[in-house]
Protein chains: 2
Amino acid sequence: MISEAVENYLKMIYELQNETGKVSTNALAEKLGVAPASVTGMLKKLAEERPRLVNYERHHGVSLTPAGQKIALEVIRHHRLIELYLQQALGYSWDQVDAEAEKLEHVISEDFEDRIDALLGQPEFDPHGDPIPTKGLQLARPDHPRLSELAAGQSGRVSRVRDDDPALLRYLAELGIIPDATLTVAGKAPFGDTLSVRVGAESDSPSHTLGRPVTDQVFVEIQGK
Amino acid sequence: MISEAVENYLKMIYELQNETGKVSTNALAEKLGVAPASVTGMLKKLAEERPRLVNYERHHGVSLTPAGQKIALEVIRHHRLIELYLQQALGYSWDQVDAEAEKLEHVISEDFEDRIDALLGQPEFDPHGDPIPTKGLQLARPDHPRLSELAAGQSGRVSRVRDDDPALLRYLAELGIIPDATLTVAGKAPFGDTLSVRVGAESDSPSHTLGRPVTDQVFVEIQGK
DNA sequence: TTTCTTTTTTAGGCTGGCCTAAATACTGCG
DNA sequence: CGCAGTATTTAGGCCAGCCTAAAAAAGAAA
């Protein structure tokens, strides 16, 4: 049986792998809120599992084997489906869903998964715009630029917002910066660390000034201009 | 923090207490699928918890303290709300809900509880007719007789069906023996171990022959005759 | 290349929750 | 009352998953 701890390790390895390429013991420890020594111990066990769940060579980081990736994607599918379900069916706001999904993802049955998937109409994205792996564990990974990377004058559609910080999510929701919103970079301060952004399609849409910590967390599919 | 194991012990103690009065180490061990020695160990810990969760004297069984009962009722409220939610909102059949609720009951937040409670309209009974403790943890305990205790000719309303055995639940559902169904004892075989029961309010309702293992699991609120 | 810093691993320990086997306490019957 | 049989507890262990402190390896800088 795969324990909750193992599921979390695999999920985190997967996410780090796709964010920063390499996965170090330290980074993993930090993300998991656990001492580095604990990570080393766990990685050894995962590498000795049969079938092997990770490729691990001491001092050289870790990566998922196909078996490990399969489990990671199952957990991620659970997580994102649950997030969307909580929002759609139970009225959660998008800054609340992550915490609850974190716990539920490890306990729901295949049956539960199928039922909410059907109820939601086989959705493709969760409330933050993260793609939901299909039943067959295929995962679309559209790689859009960060809002902070857009040039003045460019505009596009918000595709995804990083879901780490509930306070930031609440703030963004207030501004209307949610997936599918239309954004236009009205101006860019010198050195590019502050943007003036118009939210909405019209030219009289409200405009806001956003700093780097914000604009780095928003991903935009460039469209117009 | 209260662990899942502790929650299960307290829940089981509560249930045994209300089924058979006294709660023995062995009975608890069997219900939990655990060795008796393990139960002894856990009971000691629960009795040393501050606040104390159980009253425990070696060789003399165990009972819940108010603090222990509070936790037990919270878990039971979770369990039964979830059962009903799974049935009403996700289309589970009543023989499937118990297994899923068993896992979910330990992880949902207060918020989740409130939301499904509201969505279901503050329900009073779960799919098997078990009462759902209120938010304030008040629990109605209507104590109706078992179907097996009815005399020939008596009739009544099914109030509750024991939820232990999914196969039995499926069988009963097929016969239409579910909470609120009307039942009449058409006949009783010698020694009372087999009943002929009419399911439904009309006098031409279908009648079935039921043995003791079945009739002991169905509780009836006597009405007519 | 050698040294210094940072990262990672080893070593040793702890807790929770379970186990088996063996000892002991209750209980009911002769 | 005493003894057999059952119920319960003690003793000793195991495993998962975490910890800290200390050692060792890797990598950067001089």
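So you know, we letter chains A, B, ... as the sequences are listed, proteins then strands, and number each from 1.
- The side chain of A/S3 approaches D/dG17 more closely than any other nucleotide in the set D/dC18, D/dT8, D/dG17.
- Residues B/R77 and B/D117 are paired through a salt bridge, judged by an N-O separation under 4.0 Å between the basic side chain and the carboxylate.
- Within the cation-pi definition used here (under 6.0 Å to the ring centroid, within 45° of the axis), B/R160 qualifies as a partner of B/F219.
- Checked for salt-bridge contact, B/K11 and B/E102 meet the test: a charged N lies under 4.0 Å from a carboxylate O.
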Would you check, one step at a time, whether the test side chain to side chain donor-acceptor pair (under 3.5 Å) holds for A/N55 with A/T65? CA-CA 6 Å; A/N55 303 307; A/T65 63; 5.8 Å; no
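- Side-chain contact check for B/R115 versus A/L86: every heavy-atom pair is 4.5 Å or farther apart.
- A side chain to side chain donor-acceptor pair (under 3.5 Å) check over residues 81-100 of chain B, counting only residues at least two apart or in different chains, returns the pairs A/Y85-B/Y85, A/S109-B/E100, B/H79-B/E83, B/H79-B/D98, B/E83-B/H128, B/Y92-B/E100, B/S93-B/D95, B/S93-B/Q96, B/D95-B/R170.
- A/A37 comes within 4.0 angstrom of a base, heavy atoms only.
- Rounded to a whole Å, the CG atom of B/L43 is 10 Å from the P atom of D/dT8.
- Rounded to whole Å, atom P of D/dT9 lies 11 Å from atom CG of B/L28.
- A straight line from CG of A/L32 to C1' of D/dC19 spans 15 Å, rounded to a whole angstrom.
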Report each atom pair, protein N/O against N/O of nucleotides 24-26 of chain D, whose distance is under 3.5 angstrom.
none

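- Rounded to whole Å, atom P of D/dC18 lies 17 Å from atom CE of B/M1.
- For the OP1/OP2 pair of D/dC18 and a distance below 4.0 Å, the side-chain nitrogens and oxygens of A/Y9 include at least one atom meeting the criterion.
- Within the 4.0 Å cut-off from OP1 or OP2 of D/dT8, at least one side-chain nitrogen or oxygen of B/N26 is found.
- With rounding to the nearest 0.5 angstrom, the CD atom of B/E49 is 8.5 Å from the NZ atom of B/K45.
- Computed from coordinates, the B/K45 NZ to D/dT10 P distance equals 15 Å when rounded to whole Å.
- Among the heavy atoms of the strands lying under 4.0 Å from B/A5 are primed sugar atoms or P, OP1, OP2 only; no base atom is included.
- Between B/E15 and B/K31 there is a salt bridge, with a side-chain nitrogen of the basic residue lying less than 4.0 Å from a carboxylate oxygen of the acidic one.
- Residue-level contact check: B/T25 touches the backbone only, with heavy atoms under 4.0 Å from sugar-phosphate atoms and none from bases.
- Within the structure, a side-chain polar atom (N or O) of B/T40 is placed less than 4.0 Å from OP1 or OP2 of D/dT9.
- Between B/K44 and D/dT9 there is no side-chain N or O to OP1 or OP2 distance below 4.0 Å.
- Of all nucleotides in DNA chain C, those with any atom nearer than 4.0 Å to a heavy atom of chain A start and finish, going 5' to 3', at C/dT7 to C/dT10.
- Interatomic distance, A/I82 CD1 to A/K103 NZ, rounded to the nearest 0.5 Å: 11.0 Å.
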